[in-house]
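To start, the structure itself, in C-alpha coordinates.
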Amino acid sequence: MNIAMFTDSYLPRMNGIAISVYSYALELTKIGHKVCVVCLEYSEKQQKFFFWDQKKEDLKTPFKVLRIPSTRLIWSKDERLGRLDKWNFLKKEMDKFKPNIVHINTELVAGYFGVVYALHRHIPYVFTFHTLWEDCLSNYASFLSEKSSKKIGRCVSKFYLKRSSAIIAPTECVADIIRRYGIEKNVEILPASVSSGFFKYSFSKDLQIRSQLFPHNSSLIGKKIILFVGRISKEKNLCFLLDVLEKVLQKSPMTALMFVGSGPYLDELKKIVRERNLSKSVIFTGHSAHQDLIYYYKYSTVFVFPSLTDTQGTVTVEAMSTGLPVVAIGQMGTLDIMRGDNGGFMVNNNVQEFAGRVVSLLNDPNLRRKKADEAIEWAKQWSIENLAPKLVECYCRALDTGCKNLFGNSSKFRKNASK
(Lines give C-alpha, C1' and ligand atoms only; values in the text may rest on other atoms or scores of the structure.)
Protein backbone atom coordinates (compact mmCIF):
# COMPACT_ATOMS: atom_id res chain seq x y z
CA MET A 1 0.00 0.00 0.00
CA ASN A 2 0.98 3.66 -0.32
CA ILE A 3 1.60 5.12 3.15
CA ALA A 4 2.01 8.84 3.91
CA MET A 5 3.60 9.48 7.32
CA PHE A 6 3.21 13.08 8.56
CA THR A 7 5.50 14.44 11.26
CA ASP A 8 6.69 17.87 12.46
CA SER A 9 9.65 16.14 14.07
CA TYR A 10 12.08 14.38 11.79
CA LEU A 11 15.75 14.05 10.94
CA PRO A 12 18.10 15.79 11.38
CA ARG A 13 16.25 16.62 14.63
CA MET A 14 16.87 13.83 17.12
CA ASN A 15 14.06 12.63 19.35
CA GLY A 16 11.87 9.58 19.82
CA ILE A 17 9.29 10.60 17.22
CA ALA A 18 11.88 11.33 14.52
CA ILE A 19 13.66 8.03 15.05
CA SER A 20 10.40 6.08 15.23
CA VAL A 21 9.12 7.54 11.95
CA TYR A 22 12.43 6.89 10.19
CA SER A 23 12.70 3.33 11.50
CA TYR A 24 9.15 2.37 10.56
CA ALA A 25 9.40 4.03 7.12
CA LEU A 26 12.60 2.12 6.40
CA GLU A 27 11.20 -1.25 7.48
CA LEU A 28 7.83 -0.74 5.74
CA THR A 29 9.74 -0.06 2.52
CA LYS A 30 11.83 -3.21 3.02
CA ILE A 31 8.70 -5.38 3.29
CA GLY A 32 7.23 -4.02 0.08
CA HIS A 33 5.18 -0.90 0.84
CA LYS A 34 5.61 2.53 -0.70
CA VAL A 35 6.23 5.26 1.90
CA CYS A 36 6.34 9.05 1.80
CA VAL A 37 7.49 10.90 4.95
CA VAL A 38 6.03 14.41 5.06
CA CYS A 39 8.14 16.58 7.38
CA LEU A 40 9.71 20.01 7.75
CA GLU A 41 12.48 21.69 5.82
CA TYR A 42 15.37 23.03 7.90
CA SER A 43 17.42 26.17 7.34
CA GLU A 44 20.97 25.96 5.97
CA LYS A 45 22.27 27.16 9.34
CA GLN A 46 20.48 24.34 11.15
CA GLN A 47 21.63 21.77 8.63
CA LYS A 48 25.24 22.81 9.23
CA PHE A 49 24.66 22.59 12.98
CA PHE A 50 23.30 19.06 12.55
CA PHE A 51 26.15 18.11 10.12
CA TRP A 52 23.44 17.25 7.63
CA ASP A 53 23.09 17.77 3.89
CA GLN A 54 19.30 17.68 3.76
CA LYS A 55 18.81 17.12 0.03
CA LYS A 56 21.60 14.56 -0.25
CA GLU A 57 20.48 12.56 2.79
CA ASP A 58 16.79 12.59 1.75
CA LEU A 59 17.78 11.16 -1.64
CA LYS A 60 19.65 8.31 0.07
CA THR A 61 16.52 6.93 1.74
CA PRO A 62 14.63 4.15 -0.07
CA PHE A 63 11.39 6.00 0.66
CA LYS A 64 10.24 9.44 -0.47
CA VAL A 65 10.82 12.43 1.84
CA LEU A 66 8.66 15.51 1.20
CA ARG A 67 9.83 18.63 3.05
CA ILE A 68 7.36 21.43 3.84
CA PRO A 69 9.03 24.87 3.82
CA SER A 70 9.10 26.12 7.40
CA THR A 71 9.87 29.11 9.57
CA ARG A 72 11.61 29.46 12.91
CA LEU A 73 9.54 29.57 16.09
CA ILE A 74 10.04 32.83 17.99
CA TRP A 75 10.51 31.14 21.38
CA SER A 76 12.96 28.44 20.23
CA LYS A 77 16.10 28.76 18.12
CA ASP A 78 16.07 25.13 16.97
CA GLU A 79 12.33 24.48 16.54
CA ARG A 80 10.61 24.90 13.17
CA LEU A 81 6.98 25.43 12.19
CA GLY A 82 5.59 24.45 8.80
CA ARG A 83 4.27 27.34 6.73
CA LEU A 84 0.48 27.37 6.47
CA ASP A 85 0.60 28.93 3.00
CA LYS A 86 2.11 25.66 1.68
CA TRP A 87 -1.17 23.73 1.83
CA ASN A 88 -1.67 23.74 -1.96
CA PHE A 89 1.93 22.58 -2.44
CA LEU A 90 1.31 19.70 -0.03
CA LYS A 91 -2.01 18.75 -1.62
CA LYS A 92 -0.53 18.57 -5.14
CA GLU A 93 2.39 16.43 -3.99
CA MET A 94 0.11 14.06 -2.09
CA ASP A 95 -2.21 13.72 -5.08
CA LYS A 96 0.83 12.57 -7.08
CA PHE A 97 1.76 10.02 -4.39
CA LYS A 98 -1.85 8.78 -4.01
CA PRO A 99 -1.71 7.43 -0.42
CA ASN A 100 -4.05 4.63 0.65
CA ILE A 101 -3.49 5.49 4.31
CA VAL A 102 -2.26 8.56 6.19
CA HIS A 103 -0.32 8.22 9.46
CA ILE A 104 -0.20 11.30 11.70
CA ASN A 105 2.62 11.44 14.28
CA THR A 106 2.51 15.06 15.49
CA GLU A 107 -0.02 17.82 16.09
CA LEU A 108 1.54 20.95 14.58
CA VAL A 109 1.33 22.16 10.96
CA ALA A 110 2.56 18.97 9.24
CA GLY A 111 0.19 16.87 11.34
CA TYR A 112 -2.67 19.27 10.71
CA PHE A 113 -2.03 19.19 6.96
CA GLY A 114 -2.15 15.39 7.13
CA VAL A 115 -5.54 15.37 8.82
CA VAL A 116 -7.00 17.96 6.45
CA TYR A 117 -5.70 16.07 3.42
CA ALA A 118 -7.05 12.73 4.67
CA LEU A 119 -10.49 14.20 5.38
CA HIS A 120 -10.47 16.17 2.11
CA ARG A 121 -9.67 13.08 0.02
CA HIS A 122 -11.72 10.66 2.16
CA ILE A 123 -8.65 8.60 3.12
CA PRO A 124 -8.53 6.82 6.50
CA TYR A 125 -5.87 8.15 8.86
CA VAL A 126 -4.07 6.59 11.79
CA PHE A 127 -2.99 8.81 14.67
CA THR A 128 -0.14 7.93 17.02
CA PHE A 129 -0.48 9.80 20.32
CA HIS A 130 3.20 10.52 21.00
CA THR A 131 3.03 13.78 22.99
CA LEU A 132 1.09 14.55 26.15
CA TRP A 133 0.42 18.20 25.34
CA GLU A 134 -1.54 18.90 28.51
CA ASP A 135 1.73 18.50 30.43
CA CYS A 136 4.17 19.86 27.82
CA LEU A 137 2.44 22.96 26.42
CA SER A 138 3.31 25.14 29.41
CA ASN A 139 7.02 24.72 28.59
CA TYR A 140 6.46 26.33 25.18
CA ALA A 141 3.76 28.85 26.10
CA SER A 142 4.76 30.11 29.55
CA PHE A 143 2.38 33.05 29.21
CA LEU A 144 -0.56 30.66 29.67
CA SER A 145 -1.83 29.69 33.10
CA GLU A 146 -1.43 26.03 34.07
CA LYS A 147 -5.19 25.50 33.81
CA SER A 148 -5.34 27.06 30.33
CA SER A 149 -2.33 25.16 28.99
CA LYS A 150 -3.76 21.84 30.17
CA LYS A 151 -7.16 22.59 28.64
CA ILE A 152 -5.68 23.69 25.30
CA GLY A 153 -3.32 20.69 25.28
CA ARG A 154 -6.22 18.29 25.77
CA CYS A 155 -8.29 20.02 23.05
CA VAL A 156 -5.42 19.76 20.55
CA SER A 157 -4.98 16.03 21.20
CA LYS A 158 -8.72 15.33 21.08
CA PHE A 159 -9.03 17.06 17.71
CA TYR A 160 -6.79 14.39 16.17
CA LEU A 161 -8.11 11.48 18.23
CA LYS A 162 -11.79 12.04 17.44
CA ARG A 163 -11.34 12.16 13.66
CA SER A 164 -8.97 9.21 13.25
CA SER A 165 -9.86 5.81 11.82
CA ALA A 166 -7.40 4.14 14.19
CA ILE A 167 -5.41 5.24 17.24
CA ILE A 168 -1.98 4.02 18.28
CA ALA A 169 -0.53 4.51 21.76
CA PRO A 170 3.14 3.70 22.44
CA THR A 171 2.31 2.37 25.91
CA GLU A 172 -0.66 1.17 27.95
CA CYS A 173 -0.24 4.19 30.20
CA VAL A 174 -0.85 6.51 27.24
CA ALA A 175 -3.84 4.40 26.15
CA ASP A 176 -5.37 5.00 29.60
CA ILE A 177 -4.99 8.76 29.11
CA ILE A 178 -6.78 8.54 25.75
CA ARG A 179 -9.66 6.72 27.43
CA ARG A 180 -9.68 9.37 30.16
CA TYR A 181 -10.26 11.94 27.41
CA GLY A 182 -13.55 10.20 26.66
CA ILE A 183 -12.39 8.65 23.38
CA GLU A 184 -14.30 5.39 23.00
CA LYS A 185 -12.39 4.01 20.02
CA ASN A 186 -10.14 0.98 20.26
CA VAL A 187 -6.52 1.92 20.99
CA GLU A 188 -3.70 -0.17 19.50
CA ILE A 189 -0.56 -0.53 21.64
CA LEU A 190 2.53 -0.24 19.47
CA PRO A 191 5.78 0.96 21.05
CA ALA A 192 8.45 3.00 19.35
CA SER A 193 10.95 0.72 17.66
CA VAL A 194 14.72 0.54 17.61
CA SER A 195 16.35 0.01 14.24
CA SER A 196 19.51 -2.08 14.39
CA GLY A 197 20.66 -0.33 11.21
CA PHE A 198 21.43 2.82 13.18
CA PHE A 199 24.07 1.20 15.36
CA LYS A 200 26.94 0.00 13.20
CA TYR A 201 30.24 0.17 15.03
CA SER A 202 33.29 1.61 13.26
CA PHE A 203 36.73 1.52 14.90
CA SER A 204 37.90 4.60 12.94
CA LYS A 205 34.77 6.53 13.95
CA ASP A 206 35.30 5.49 17.55
CA LEU A 207 38.85 6.92 17.45
CA GLN A 208 37.58 10.12 15.86
CA ILE A 209 34.93 10.73 18.53
CA ARG A 210 37.33 9.84 21.35
CA SER A 211 39.90 12.29 19.99
CA GLN A 212 37.26 15.03 19.95
CA LEU A 213 35.59 14.21 23.28
CA PHE A 214 38.28 13.41 25.82
CA PRO A 215 41.08 15.90 25.04
CA HIS A 216 38.54 18.74 25.10
CA ASN A 217 36.97 17.46 28.33
CA SER A 218 39.91 16.56 30.55
CA SER A 219 37.59 16.17 33.54
CA LEU A 220 36.25 12.96 31.94
CA ILE A 221 39.61 11.19 32.01
CA GLY A 222 39.66 8.31 34.50
CA LYS A 223 36.03 8.83 35.50
CA LYS A 224 32.95 6.65 35.17
CA ILE A 225 30.29 8.31 33.07
CA ILE A 226 26.61 8.69 33.84
CA LEU A 227 24.90 9.39 30.52
CA PHE A 228 21.77 11.23 29.45
CA VAL A 229 20.85 11.33 25.76
CA GLY A 230 17.99 13.40 24.47
CA ARG A 231 16.56 16.80 23.82
CA ILE A 232 17.73 19.35 26.38
CA SER A 233 14.34 20.75 27.34
CA LYS A 234 12.76 21.74 30.62
CA GLU A 235 10.09 19.03 30.59
CA LYS A 236 12.82 16.34 30.70
CA ASN A 237 13.34 17.05 34.44
CA LEU A 238 17.10 17.42 33.93
CA CYS A 239 17.85 19.45 37.07
CA PHE A 240 16.84 16.31 38.95
CA LEU A 241 20.01 14.71 37.56
CA LEU A 242 22.14 17.47 39.07
CA ASP A 243 20.64 16.66 42.48
CA VAL A 244 21.41 12.99 41.85
CA LEU A 245 24.98 13.77 40.80
CA GLU A 246 25.69 15.63 44.03
CA LYS A 247 24.61 12.55 45.99
CA VAL A 248 26.57 10.17 43.74
CA LEU A 249 29.78 12.20 44.09
CA GLN A 250 29.68 11.66 47.84
CA LYS A 251 30.02 7.88 47.33
CA SER A 252 31.75 7.77 43.96
CA PRO A 253 33.81 10.95 43.47
CA MET A 254 35.41 9.78 40.19
CA THR A 255 32.14 10.17 38.31
CA ALA A 256 30.98 12.56 35.58
CA LEU A 257 27.51 13.30 34.17
CA MET A 258 27.39 13.69 30.39
CA PHE A 259 24.51 15.31 28.49
CA VAL A 260 24.36 14.40 24.78
CA GLY A 261 21.90 16.53 22.87
CA SER A 262 20.75 20.06 22.21
CA GLY A 263 17.58 22.00 22.87
CA PRO A 264 15.98 25.20 24.15
CA TYR A 265 16.99 24.56 27.78
CA LEU A 266 20.70 24.01 27.08
CA ASP A 267 22.00 27.49 27.93
CA GLU A 268 19.95 27.70 31.12
CA LEU A 269 21.05 24.24 32.24
CA LYS A 270 24.71 25.17 31.67
CA LYS A 271 24.17 28.27 33.80
CA ILE A 272 22.64 26.20 36.61
CA VAL A 273 25.61 23.81 36.48
CA ARG A 274 28.02 26.73 36.88
CA GLU A 275 26.00 28.22 39.74
CA ARG A 276 26.07 24.90 41.57
CA ASN A 277 29.85 24.50 41.07
CA LEU A 278 29.41 21.27 39.12
CA SER A 279 31.27 22.29 35.97
CA LYS A 280 34.15 19.86 36.63
CA SER A 281 31.71 16.95 36.83
CA VAL A 282 29.22 17.78 34.06
CA ILE A 283 29.92 17.60 30.33
CA PHE A 284 27.75 18.90 27.49
CA THR A 285 28.57 17.45 24.07
CA GLY A 286 25.83 19.24 22.14
CA HIS A 287 24.09 17.65 19.18
CA SER A 288 25.25 14.25 17.97
CA ALA A 289 24.29 12.38 14.82
CA HIS A 290 22.06 9.49 15.81
CA GLN A 291 24.33 6.87 14.27
CA ASP A 292 27.13 8.16 16.54
CA LEU A 293 25.22 7.60 19.77
CA ILE A 294 26.51 4.04 20.01
CA TYR A 295 29.94 5.40 20.97
CA TYR A 296 28.59 7.53 23.83
CA TYR A 297 26.64 4.52 25.08
CA LYS A 298 29.83 2.44 24.94
CA TYR A 299 31.88 5.07 26.83
CA SER A 300 29.37 5.18 29.69
CA THR A 301 28.70 3.07 32.77
CA VAL A 302 25.07 3.95 33.55
CA PHE A 303 22.28 5.51 31.48
CA VAL A 304 19.89 7.79 33.36
CA PHE A 305 16.41 8.92 32.35
CA PRO A 306 14.59 11.28 34.75
CA SER A 307 11.63 12.34 32.56
CA LEU A 308 8.15 12.31 34.08
CA THR A 309 6.30 13.09 30.83
CA ASP A 310 7.92 11.12 27.98
CA THR A 311 5.38 8.77 26.45
CA GLN A 312 8.03 6.49 24.90
CA GLY A 313 11.59 6.89 26.14
CA THR A 314 13.09 5.36 23.01
CA VAL A 315 16.63 6.24 24.12
CA THR A 316 16.15 3.96 27.12
CA VAL A 317 15.64 1.01 24.79
CA GLU A 318 18.58 2.12 22.63
CA ALA A 319 20.86 2.27 25.67
CA MET A 320 19.78 -1.18 26.80
CA SER A 321 20.29 -2.63 23.32
CA THR A 322 23.98 -1.65 23.55
CA GLY A 323 24.35 -3.26 26.98
CA LEU A 324 24.16 -0.09 29.06
CA PRO A 325 22.17 -0.54 32.30
CA VAL A 326 19.46 2.06 32.95
CA VAL A 327 18.23 3.91 36.03
CA ALA A 328 14.95 5.70 35.27
CA ILE A 329 11.96 7.16 37.07
CA GLY A 330 8.95 4.87 36.75
CA GLN A 331 6.57 7.29 35.05
CA MET A 332 4.76 7.30 31.68
CA GLY A 333 6.73 5.45 28.97
CA THR A 334 9.33 4.11 31.37
CA LEU A 335 6.65 2.12 33.20
CA ASP A 336 5.84 0.14 30.07
CA ILE A 337 9.40 -0.15 28.81
CA MET A 338 11.09 -1.38 31.98
CA ARG A 339 8.11 -2.96 33.78
CA GLY A 340 10.17 -3.12 36.91
CA ASP A 341 13.91 -3.60 37.25
CA ASN A 342 14.47 -5.09 33.80
CA GLY A 343 17.73 -3.96 32.24
CA GLY A 344 18.51 -1.72 35.19
CA PHE A 345 16.42 -0.15 37.94
CA MET A 346 13.07 1.62 37.75
CA VAL A 347 12.76 3.94 40.74
CA ASN A 348 10.44 6.50 42.30
CA ASN A 349 10.77 10.25 41.77
CA ASN A 350 13.19 10.40 44.67
CA VAL A 351 16.74 11.75 44.47
CA GLN A 352 18.11 9.53 47.24
CA GLU A 353 16.68 6.32 45.76
CA PHE A 354 17.78 7.22 42.22
CA ALA A 355 21.31 8.10 43.35
CA GLY A 356 21.55 4.90 45.40
CA ARG A 357 20.80 2.73 42.35
CA VAL A 358 23.30 4.65 40.23
CA VAL A 359 26.02 4.19 42.88
CA SER A 360 25.32 0.45 43.11
CA LEU A 361 25.85 0.07 39.36
CA LEU A 362 28.97 2.25 39.40
CA ASN A 363 30.62 0.43 42.30
CA ASP A 364 29.53 -3.19 41.80
CA PRO A 365 31.04 -4.70 38.59
CA ASN A 366 29.18 -7.99 39.00
CA LEU A 367 25.82 -6.25 39.32
CA ARG A 368 26.63 -4.06 36.33
CA ARG A 369 27.52 -7.08 34.16
CA LYS A 370 24.34 -8.86 35.20
CA LYS A 371 22.19 -5.83 34.36
CA ALA A 372 24.06 -5.27 31.08
CA ASP A 373 23.27 -8.81 29.88
CA GLU A 374 19.70 -8.42 31.06
CA ALA A 375 19.37 -5.10 29.20
CA ILE A 376 20.47 -6.58 25.86
CA GLU A 377 17.92 -9.39 26.10
CA TRP A 378 15.12 -7.13 27.30
CA ALA A 379 15.60 -4.64 24.44
CA LYS A 380 15.11 -7.27 21.73
CA GLN A 381 11.32 -7.07 21.98
CA TRP A 382 11.45 -3.51 20.52
CA SER A 383 13.16 -4.56 17.27
CA ILE A 384 11.68 -2.97 14.17
CA GLU A 385 11.46 -6.37 12.45
CA ASN A 386 8.93 -7.51 15.07
CA LEU A 387 6.91 -4.31 15.22
CA ALA A 388 6.52 -3.21 11.57
CA PRO A 389 4.13 -6.08 10.62
CA LYS A 390 1.93 -5.08 13.57
CA LEU A 391 1.79 -1.53 12.20
CA VAL A 392 0.67 -2.90 8.82
CA GLU A 393 -2.11 -4.81 10.57
CA CYS A 394 -3.20 -1.56 12.20
CA TYR A 395 -3.26 0.16 8.81
CA CYS A 396 -5.43 -2.62 7.39
CA ARG A 397 -7.91 -2.29 10.26
CA ALA A 398 -8.00 1.47 9.69
CA LEU A 399 -8.73 0.87 6.00
CA ASP A 400 -11.59 -1.44 6.96
CA THR A 401 -13.00 1.08 9.44
CA GLY A 402 -12.59 4.13 7.23
CA CYS A 403 -13.80 2.55 4.02
CA LYS A 404 -16.83 0.89 5.58
CA ASN A 405 -17.92 4.31 6.76
CA LEU A 406 -17.55 5.66 3.21
CA PHE A 407 -18.43 2.73 0.95
CA GLY A 408 -19.98 -0.03 3.03
CA ASN A 409 -18.22 -3.33 2.31
CA SER A 410 -14.53 -2.51 1.91
CA SER A 411 -13.00 -5.95 1.51
CA LYS A 412 -12.17 -5.44 -2.18
CA PHE A 413 -10.62 -2.01 -1.54
CA ARG A 414 -8.65 -3.34 1.42
CA LYS A 415 -7.29 -6.25 -0.62
CA ASN A 416 -6.06 -3.94 -3.38
CA ALA A 417 -4.59 -1.35 -0.98
CA SER A 418 -2.68 -4.01 0.98
CA LYS A 419 -0.73 -5.08 -2.11
Side-chain angles (χ1 to χ4, degrees), residues 1-13 17-18 20-22 24-26 28-29 32-44 46-47 52-73 79-128 130 156 159-160 162-166 168 391-392 394-396 398-399 401-403 405-407 410 413-414 416-419:
M1 70 179 84
N2 288 2
I3 305 160
M5 306 182 82
F6 285 75
T7 176
D8 294 272
S9 186
Y10 188 68
L11 308 178
R13 285 297 309 282
I17 297 174
S20 179
V21 171
Y22 175 88
Y24 275 118
L26 192 63
L28 288 168
T29 304
H33 299 283
K34 190 175 179 181
V35 178
C36 176
V37 173
V38 182
C39 55
L40 302 186
E41 184 179 77
Y42 287 87
S43 67
E44 288 187 16
Q46 284 180 308
Q47 289 175 56
W52 178 274
D53 185 335
Q54 189 168 283
K55 293 181 180 179
K56 183 178 178 181
E57 294 301 323
D58 286 352
L59 288 171
K60 284 182 179 179
T61 60
F63 51 86
K64 180 179 175 62
V65 178
L66 177 63
R67 299 269 181 179
I68 301 173
S70 63
T71 185
R72 177 190 162 188
L73 285 177
E79 294 281 0
R80 304 292 291 182
L81 188 68
R83 285 170 49 185
L84 287 166
D85 64 337
K86 294 302 176 180
W87 159 247
N88 286 327
F89 159 78
L90 181 279
K91 184 169 66 172
K92 288 177 182 177
E93 292 298 320
M94 280 293 97
D95 284 347
K96 292 177 187 176
F97 181 69
K98 296 184 180 354
N100 303 119
I101 194 86
V102 167
H103 187 170
I104 310 296
N105 288 274
T106 52
E107 299 88 348
L108 296 177
V109 172
Y112 179 72
F113 277 177
V115 171
V116 173
Y117 182 80
L119 297 177
H120 185 62
R121 294 295 188 226
H122 305 293
I123 300 169
Y125 85 79
V126 174
F127 175 57
T128 296
H130 287 286
V156 168
F159 170 84
Y160 291 85
K162 286 180 177 179
R163 291 162 176 79
S164 62
S165 299
I168 294 174
L391 180 58
V392 174
C394 180
Y395 289 158
C396 289
L399 284 166
T401 301
C403 295
N405 291 340
L406 289 170
F407 308 114
S410 65
F413 180 89
R414 177 185 182 277
N416 292 334
S418 299
K419 291 180 180 179

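Residue numbers run from 1 in the order of the sequence given.
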Legend entry - Minimum side-chain heavy-atom gap Y22-F63 below 4.5 Å: yes
Inset, instruction - Please name the pair of heavy atoms, one in I101 and one in A398, separated by the smallest distance, quoted to 0.1 Å. - result: CD1-CB, 3.8 Å
Legend entry - 4.5 Å side-chain heavy-atom contact, T61 and E57: no
Inset, instruction - State the CG-CG distance between L391 and L28, to the nearest 0.5 angstrom. - result: 5.5 Å
Legend entry - For Y160, ring-ring contact (aromatic ring centres under 6.0 Å, His included) partners two or more places apart: F127
Inset, instruction - Look at the side chain of R67 and the backbone N and O of L40, then say whether any donor-acceptor pair between them is shorter than 3.5 Å. - result: yes
Legend entry - Backbone N/O of M5 and side chain of N105: donor-acceptor pair under 3.5 Å: no
Legend entry - Shortest non-hydrogen contact between L66 and L90, atoms and distance: CD2-CD2, 3.9 Å
Inset, instruction - Evaluate the side-chain proximity of F159 to V115: yes if any heavy-atom separation is below 4.5 Å, no if none is. - result: yes
Legend entry - A110 to F6 - nearest heavy-atom pair and separation: O-CD2, 3.2 Å
Legend entry - Separation of S164 OG from I104 CD1 (nearest 0.5 Å): 9.5 Å
Inset, instruction - Can you measure from OH (Y10) to CD1 (I68) and round to the nearest 0.5 angstrom? - result: 13.5 Å
Legend entry - Where at least one partner belongs to residues 96-118, residue pairs that pass salt bridge (Lys or Arg N to Asp or Glu O under 4.0 Å), sequence neighbours excluded: E93-K96
Inset, instruction - Side-chain contact test, heavy atoms from C-beta onward, threshold under 4.5 Å: evaluate it for M1 versus K34 and give yes or no. - result: no
Legend entry - N2 (side chain) donor-acceptor with N100 (main chain) under 3.5 angstrom: no
Legend entry - Main-chain N/O of G111 paired with D8 side-chain donor or acceptor, under 3.5 Å: yes
Legend entry - Under 3.5 Å donor-acceptor, T7 side chain and C39 backbone: no
Legend entry - Side chains of Y117 and D95 in contact at under 4.5 Å (non-hydrogen atoms): yes
Legend entry - Minimum heavy-atom distance F89-P69, with the two atoms named: CE2-CD, 4.0 Å
Inset, instruction - Output the distance between atom CG (L84) and atom OG (S70), rounded to the nearest 0.5 Å. - result: 12.0 Å
Inset, instruction - Rounded to the nearest 0.5 Å, what's the gap from OG on S165 to CZ on R163? Could you check? - result: 12.5 Å
Inset, instruction - Indicate the atoms forming the closest heavy-atom contact of P99 with M94, along with that distance. - result: CD-O, 3.3 Å
Inset, instruction - Considering non-hydrogen atoms only, spot the tightest contact between S9 and I17 and give its length. - result: O-CG2, 4.1 Å
Legend entry - Option from Y24, Y395, Y125 for which ring pair (Phe, Tyr, Trp, His ring centres under 6.0 Å) with H103 holds: Y395
Inset, instruction - May I ask you to decide if Y42's main-chain N or O and Q54's side chain share a donor-acceptor pair within less than 3.5 Å? - result: yes
